[in-house]
There are 4 protein chains.
Amino acid sequence: MLIEVDFAGEVPIYTQVRDQIVIGIAAGLLKPGETLPSVRRLAADIGINVHTVNKAYSLLRDEGFLLMDRRSGAEIAPLMTEDPSFDELLSNKLIPVVAEAICRRMDIEDFCLTVRKTYSFIKRGGK
Amino acid sequence: MLIEVDFAGEVPIYTQVRDQIVIGIAAGLLKPGETLPSVRRLAADIGINVHTVNKAYSLLRDEGFLLMDRRSGAEIAPLMTEDPSFDELLSNKLIPVVAEAICRRMDIEDFCLTVRKTYSFIKRGGK
Amino acid sequence: MLIEVDFAGEVPIYTQVRDQIVIGIAAGLLKPGETLPSVRRLAADIGINVHTVNKAYSLLRDEGFLLMDRRSGAEIAPLMTEDPSFDELLSNKLIPVVAEAICRRMDIEDFCLTVRKTYSFIKRGGK
Amino acid sequence: MLIEVDFAGEVPIYTQVRDQIVIGIAAGLLKPGETLPSVRRLAADIGINVHTVNKAYSLLRDEGFLLMDRRSGAEIAPLMTEDPSFDELLSNKLIPVVAEAICRRMDIEDFCLTVRKTYSFIKRGGK
DNA sequence: GTGGTCTAGACCACG
DNA sequence: GTGGTCTAGACCACC
């Protein structure tokens, strides 16, 4: 799976790396048990600092997406179970986005339509 | 409309102020033409620096939510027209959120349900 | 001649008033000897502060566009004579504008074309 | 490329810095991909505050002249593509300038001549 | 090391 | 009284 970062964007690079791995898992490109490249290797491939990859991996581990083992490196964690508390977290993330959509006079069902299109986009592997 | 900020959180204060004003507009608590408190006044009310409020106001102006009237400070801009390009911007914002929801095995229609609940929440004035 | 100002714009109101009167003179809508409305009157018409109109009138007087008489108010000055030093002043004003046009890859003759179109636009009375 | 500011002038310092960088790009002294000094460094060199440089850089970034690379500071953005909407923006900027030239009885072709001279001046690197 | 954020306080242009 | 500009200095996130 190819990871690309935008150095000029406002999103921190470690967040971009984290996001793309989550997207890869969601798309099924990265399957539970699959090993990720080593921190050094990925850093060299992308052309970023080792510390940055390390931060992304650690974040993913803390979030439960990755298992890290000193010997075998990082691997994708088993499928997560449903977490009812995610709903509230999601809602908090959505508040400013939905508010802006309302201000821009987007219909809420059009919003949901875009959600579904985004879902398909991810499932297709971001193509 | 009351604006409150979380000084301990990781979200920049100027972003919090910006978001809350957008939410206020979406909720209908702030109507087009209505004037906002002056930067000095709001800064004093919230207990933050004038420049921080200034940054939030300038951002909102650049985004088209506010007009900075040279005479009387800031006022809410007229209702925005629908902008077809917002759809793509929205999609980009949603990608990491939807991806995470997929990983957490949330059904896409449950996601849409949360969108609708968030919509109602905002329309109720955040109550 | 109608004068309109944009209160939300970044151009100071007194500058806008000054500019529009200069445009009116250039278009021939305001002829030498013609009297302008009194400061109070114009301020009331536009809905701005008396001081602001005063500043615009004073500026125009200093630039040689207006004659001000305590008794009869302001009137348009006689046609100006050619001023060779204006060329350098003009060049200084154009430097940043031309530089930006170059960066945006506009051909210099297209720039001149826009100058001529702007000329016609003004001569038509801004229509 | 040397940047100099006039502290006594009425043009804001951050605008002067912005303008000179745009002129530098137009003159070819600053090429796409080239890195600019860090905000701290340039501020020290010119003898102004870091925030003032920051404002100039941010403005240039918003205008598309600069990319702010998270790793190495600011660099000149790739050559801009032609933007048809620039024509209208340019026209609006030219209106008061052309109007004043008309009042000062400058021939429109002399105006264009000054435009071309200014163009050459910039292309020569402002010498 | 870089820029981003926040604070604090001053002065000025504008209205 | 309003926002705009500039300065100064601090802390933090990122790399």
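In this text, all values refer to a predicted model and were calculated from it rather than measured experimentally. Letters A, B, ... are given to chains in the order of the sequence lines, protein chains preceding strands, and every chain is numbered from 1.
Between A:Leu59 atom CG and F:dC15 atom P there is a gap of 12 Å when expressed in whole angstrom units. Here the P atom of nucleotide E:dT5 and the CZ atom of B:Phe7 are 17 Å apart, to the nearest Å. The distance between atom CD of B:Glu10 and atom P of E:dT5, rounded to the nearest whole Å, is 13 Å. The distance between atom CE of B:Met68 and atom P of E:dC14, rounded to the nearest whole Å, is 16 Å. Straight-line distance from the CD atom of B:Gln16 to the P atom of E:dC6: 8 Å, rounded to whole Å. Rounded to whole Å, the distance from CG on A:Asp6 to C1' on F:dC14 is 15 Å. Atom C1' of nucleotide F:dT7 and atom CG of D:Asn49 are separated by 5 Å, given to the nearest angstrom. A straight line from CZ of B:Arg40 to P of F:dT5 spans 14 Å, rounded to a whole angstrom.
Under 4.0 angstrom from either OP1 or OP2 of E:dT2 there lies at least one side-chain N or O belonging to D:Ser38. Listed pair C:Tyr14 / E:dC14 meets the phosphate criterion, a side-chain N or O lying under 4.0 Å from OP1 or OP2. In this model, the phosphate group of F:dT7 is approached by a side-chain N or O of D:Thr52 to a distance below 4.0 Å at OP1 or OP2. Put simply, D:Lys55 has a side-chain N or O that comes within less than 4.0 Å of OP1 or OP2 on F:dT5. Using a 4.0 Å cut-off, no side-chain N or O of D:Ser72 falls inside it from OP1 or OP2 of E:dT2. Between B:Arg70 and E:dG15 there is a side-chain N or O to OP1 or OP2 distance below 4.0 Å.
In plain terms, the two heavy atoms of D:Cys103 and C:Ala26 that are nearest each other are SG-N, 3.7 Å. Closest of all the heavy-atom pairs between B:Arg104 and A:Glu63 is NH2-O, 3.5 Å.
Remark: the backbone N or O of B:Asp69 is not paired with any side-chain donor or acceptor of B:Glu75 at under 3.5 angstrom.
In this structure the side chain of C:Met80 reaches within 4.5 angstrom of the side chain of C:Phe65, judged on heavy atoms. Side-chain contact check for C:Ile21 versus C:Tyr57: some heavy-atom pair is nearer than 4.5 Å.
Taking for each of A:Pro12 and D:Pro12 the nucleotide of DNA chain F with the nearest heavy atom, the 5'-most of the two is the partner of D:Pro12. Nearest-nucleotide positions on DNA chain E for B:Ile13 and C:Thr15 put B:Ile13 closer to the 5' end. Judged by closest nucleotide on DNA chain F, B:Arg41 is the one of B:Arg41 and D:Arg71 placed further toward the 5' end. Between C:Val11 and D:Asn54, the residue anchored nearer the 5' end of DNA chain E, judged by the nucleotide with its closest heavy atom, is D:Asn54.
Contacts of A:Ile48 with the nucleic acid, taken as non-hydrogen atoms under 4.0 Å apart, are absent. B:Arg61 comes within contact range of the sugar-phosphate backbone alone, with a heavy-atom separation under 4.0 Å but no base atom that close.
The base-pairing partner of F:dC14, taking Watson-Crick or G-U wobble contacts with both distances under 3.5 Å, is E:dG1.
With hydrogens and angles ignored, a donor-acceptor pair under 3.5 angstrom links the side chain of B:His51 to the base of E:dG9.
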>> Assess the residue pair C:Arg18 and D:Glu100 against the criterion (salt bridge (Lys or Arg N to Asp or Glu O under 4.0 Å)); give the C-alpha distance rounded to whole Å, side-chain angles, the decisive distance to 0.1 Å, and a yes or no.
In response: CA-CA 11 Å; C:Arg18 177 264 179 202; D:Glu100 178 156 0; 2.8 Å; yes
